[in-house]
Amino acid sequence: EPEVTQTPSHQVTQMGQEVILRCVPISNHLYFYWYRQILGQKVEFLVSFYNNEISEKSEIFDDQFSVERPDGSNFTLKIRSTKLEDSAMYFCASSADRGSNEKLFFGSGTQLSVL
Amino acid sequence: RKEVEQDPGPFNVPEGATVAFNCTYSNSASQSFFWYRQDCRKEPKLLMSVYSSGNEDGRFTAQLNRASQYISLLIRDSKLSDSATYLCVVSQDSSASKIIFGSGTRLSIRP
């Protein structure tokens, strides 16, 4: 069964450092998403991406964050200068459709720890 | 009012019991509705979509009430493996770019 893959599974970084989280969505999917989940809290929407541009972003997705689809298969989330409060599990997701048929398929996540 | 609201639980029920969860959403323009389950420290996984006419998948039944803006999930004959957090998920508008998760309802099935 096709799946969304994320690397690395764990990332430890120092506050102020840049991190890039990588995702390979399911190959025929067109819509890509990043979510995060702080330990013990709910899954929060960060950003959606379609046709090589951001479709929607939340208040969390400020200027520190950026997304890119550099080569037609990878979908990356960059955090420019990490803060302690960026520590969370980051989930990438993709879907084939939008509207009433879209279903999200999630990767297994990258656990980011900012020290 | 929260965009998507759920009773956090935990619901602690014996194996074989029937359990029901509700979820309310605030945006009347919401288009699509889903239930996901999430095991501890794992990714959310789609359980089922929720259709206006209601739908059933084995032991699971989902209902949508647009007038009252709530969604329900019923689990019959619960199994130990049903223990998880159940997430109510709502697509906020017709563009489907913003899909919002509830905080989840924790379910624990005891032998």
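Within every chain, numbering begins at 1; the chains are lettered A, B, ... in the order of the sequence lines, protein sequences first and strands thereafter.
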| query | A/Gln6 versus chain B, heavy atoms under 4.5 Å apart: side chain, backbone, both or neither? | reply |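 For A/Gln6, no heavy atom lies under 4.5 Å from chain B.
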
| said: Is A/Glu44 in contact with chain B via its backbone, its side chain, both, or neither, using a 4.5 Å heavy-atom distance? | reply: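 Contact with chain B: none, neither part.
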
| said: If hydrophobic clusters are built by linking Ile, Leu, Val, Met, Phe, Trp and Tyr wherever their side-chain heavy atoms come under 4.5 Å apart, do A/Leu115 and A/Tyr90 end up in the same one? | reply: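 Unlinked, A/Leu115 and A/Tyr90 end up in two clusters.
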
| said: Taking A/Ile79 as the starting point, is it possible to reach A/Met15 by hopping between hydrophobic residues whose side chains are less than 4.5 Å apart? | reply: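 Yes: a chain of side-chain contacts under 4.5 Å links A/Met15 to A/Ile79.
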
| field | side-chain contact (heavy atoms from CB on, under 4.5 Å), paired with A/Gln37, selected from B/Gln38, B/Glu43, B/Arg41 | value |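 In the set B/Gln38, B/Glu43, B/Arg41, the residue that makes a side-chain contact (heavy atoms from CB on, under 4.5 Å) with A/Gln37 is B/Gln38.
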
| Minimum heavy-atom distance A/Phe91-B/Lys42, with the two atoms named |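 So the two residues come closest at CZ-O, 3.6 Å.
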
Check this for me: [X], atom [atom1], are more than 12 non-hydrogen atoms of other residues, nucleotides or ligands nearer than 6.0 Å?
X        : atom1 : answer
B/Leu80  : CG    : yes
B/Arg106 : CZ    : no
A/Asp71  : CG    : yes

| Any donor-acceptor N/O pair, B/Tyr36 side chain to A/Leu104 backbone, under 3.5 Å |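 Checked: pair present.
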
